[in-house]
Amino acid sequence: AIAKHILKGKEFKVRGELMPVVQGPVIWCNGDQSPEAFELQLESHGLENERHLHVLNEFRLKHTRKLARKINEIKPQLVIIDSLSGCMPGADNNKQEVCRPLYWLENVNGSEFPNTCFLIIHHNNKSGTYRGHSGIADAVTETMGIEDLSDEEIQSNAYGVDGEMRRKIVIGKSRVNGRQGDQ
């Protein structure tokens with residue numbers, strides 16, 4: 001949904017208010033799915049023919065310099081790493097090695113390549129809590145969780161009609177004052 005809003009320059013609801021969105025290209029680094037399955041996912045969201053969506057299939061996060069060159073070429077508003085584990089096969093999420101490319105991307109954003117927003121998808125563990133080395137969260141500006149709406153939120157249309165189809169983003173760790181716990 002976030003990629004679609006950026007690709008189309010469509011306003012996005014934040015804290016109940018529609019916020020303007022800067023339209024621009026998106027790079028999607030796909031490490032989780034086959035190209036065919038990913039294409040079906042794009043079709044289900046109406047993004048199959050989006051010319052400003054650049055998909056890097058079978059992406060490996062160890063190729064950070066290659067990604068930097070692509071960012072310099074495309075100048076995206078958003079880069080999605082989908083997912084951290086999928087883009088780093090064989091890496092142990094419980095060891096600090098998984099954090100190195102994240103620290104590098106965070107530290108050189110705006111100097112090695114044009115400033116962009118990175119969205120790194122990292123799945124929870126089986127019990128639904130954060131998984132992996134604590135350095136993963138340390139390496140990023142914010143962590144966010146996606147939650148289903150409660151029955152009360154759905155019934156009150158707190159997030160608009162069709163609440164059963166909506167999700168909310170909850171800010172975990174944040175380097176920005178006052179954002180931790182925001183929804």
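Here the structure is a predicted model, which is why all the values come from computation and not from measurement.
Surrounding CZ of Arg175 are more than 12 heavy atoms belonging to other residues, nucleotides or ligands, all under 6.0 Å away. Enclosure of atom CD1 in Ile146 is not indicated, since only 12 or fewer non-hydrogen atoms of other residues, nucleotides or ligands lie within 6.0 angstrom. Around the CD atom of Glu58, the shell of radius 6.0 Å holds no more than 12 heavy atoms that belong to other residues, nucleotides or ligands.
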Please report the C-alpha distance between Val98 and Asp92 in whole Å, then the side-chain angles of each, then the deciding distance to 0.1 Å, and finally whether the side-chain contact (heavy atoms from CB on, under 4.5 Å) criterion is met. CA-CA 7 Å; Val98 75; Asp92 186 341; over 6 Å; no
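At least one donor-acceptor pair closer than 3.5 Å links the side chain of His133 to the backbone N or O of Gly135. Side-chain atoms of Asn109 do not come within 3.5 Å of backbone N or O of Leu105 as any donor-acceptor pair. For Gln180 (side chain) and Lys173 (main-chain N/O), no donor-acceptor pair under 3.5 Å exists by modelled atom type. Using modelled atom types, one side-chain atom of Asn30 and one backbone atom of Gln33 make a donor-acceptor pair closer than 3.5 Å. Formation of a donor-acceptor pair under 3.5 Å by the Thr116 side chain with backbone atoms of Gln77 is found in this model.
Looking at Ser85 and Arg131, their side chains do bring a donor and an acceptor atom within 3.5 Å of each other. Glu142 and Ser174 share a side-chain donor-acceptor pair at under 3.5 Å.
At a threshold of 4.5 Å between non-hydrogen side-chain atoms, the residues Ile6 and Val21 count as touching. Taking the side chain as every heavy atom from C-beta outward, Ile171 and Val176 never approach each other to under 4.5 Å. Side-chain contact between Ile27 and Pro76: present, with at least one pair of heavy atoms (C-beta onward) separated by less than 4.5 Å. When side chains are defined from C-beta on, Glu39 does not count as touching Ser34, because their heavy atoms never get closer than 4.5 Å. Residues Thr64 and Lys62 fail the side-chain proximity criterion, which asks for heavy atoms closer than 4.5 Å.
With values rounded to the nearest 0.5 angstrom, Asp182 atom CG is found 9.5 Å from Met144 atom CE. For the atom pair CD1 (Ile71) and NE2 (His54), the distance works out to 12.0 Å, reported to the nearest 0.5 Å. Taking CD1 of Ile121 as the reference point, atom NE2 of His123 lies at 6.5 Å (rounded to 0.5 Å). Between atom CD1 of residue Ile2 and atom CD1 of residue Ile80 there is a gap of 7.5 Å, rounded to the nearest 0.5 Å.
The pair Glu50-Lys4 does not meet the salt-bridge criterion, since no charged nitrogen lies less than 4.0 angstrom from a carboxylate oxygen.
Contacts of Lys168 classified as side chain to side chain contact (heavy atoms under 4.5 Å, CB included), with partners at least two apart in sequence or in another chain: Glu147, Leu149, Glu153, Tyr159, Val170, Gln183. Considering only residues two or more places apart in sequence or on other chains, Ser111 meets the side chain to side chain contact (heavy atoms under 4.5 Å, CB included) condition with Val108. Looking at residues two or more places apart in sequence or on another chain, you find a salt bridge (Lys or Arg N to Asp or Glu O under 4.0 Å) between Arg65 and Glu112.
In this structure, Glu106 and Val140 approach most closely via the heavy-atom pair OE1-CA, 4.3 Å. Across all non-hydrogen atoms, the minimal contact from Thr143 to Ala137 is CG2-CB, 3.8 Å. The minimum heavy-atom distance linking Lys75 with Pro114 is given by the pair CG-CG, 3.8 Å. In this structure, Ile136 and His122 approach most closely via the heavy-atom pair CD1-NE2, 3.8 Å. Nearest approach of Cys29 to Cys87, heavy atoms of both residues: O-SG, 3.8 Å. When all heavy atoms of Met88 and Leu61 are compared, the closest pair comes out as CG-CB, 3.7 Å.
Note on Tyr103: it does not cluster hydrophobically with Ile81, by side-chain heavy-atom contacts below 4.5 Å among ILVMFWY residues. Hydrophobic clustering of Ile, Leu, Val, Met, Phe, Trp and Tyr side chains at less than 4.5 Å, counting indirect connections, unites Met19 with Leu7.
Centroid-to-centroid, the aromatic rings of Phe59 and Trp28 stay 6.0 Å apart or farther.
Of the options Val55, Asn57, Leu40, a side-chain contact (heavy atoms from CB on, under 4.5 Å) to Pro35 is made by Asn57 and by none of the others.
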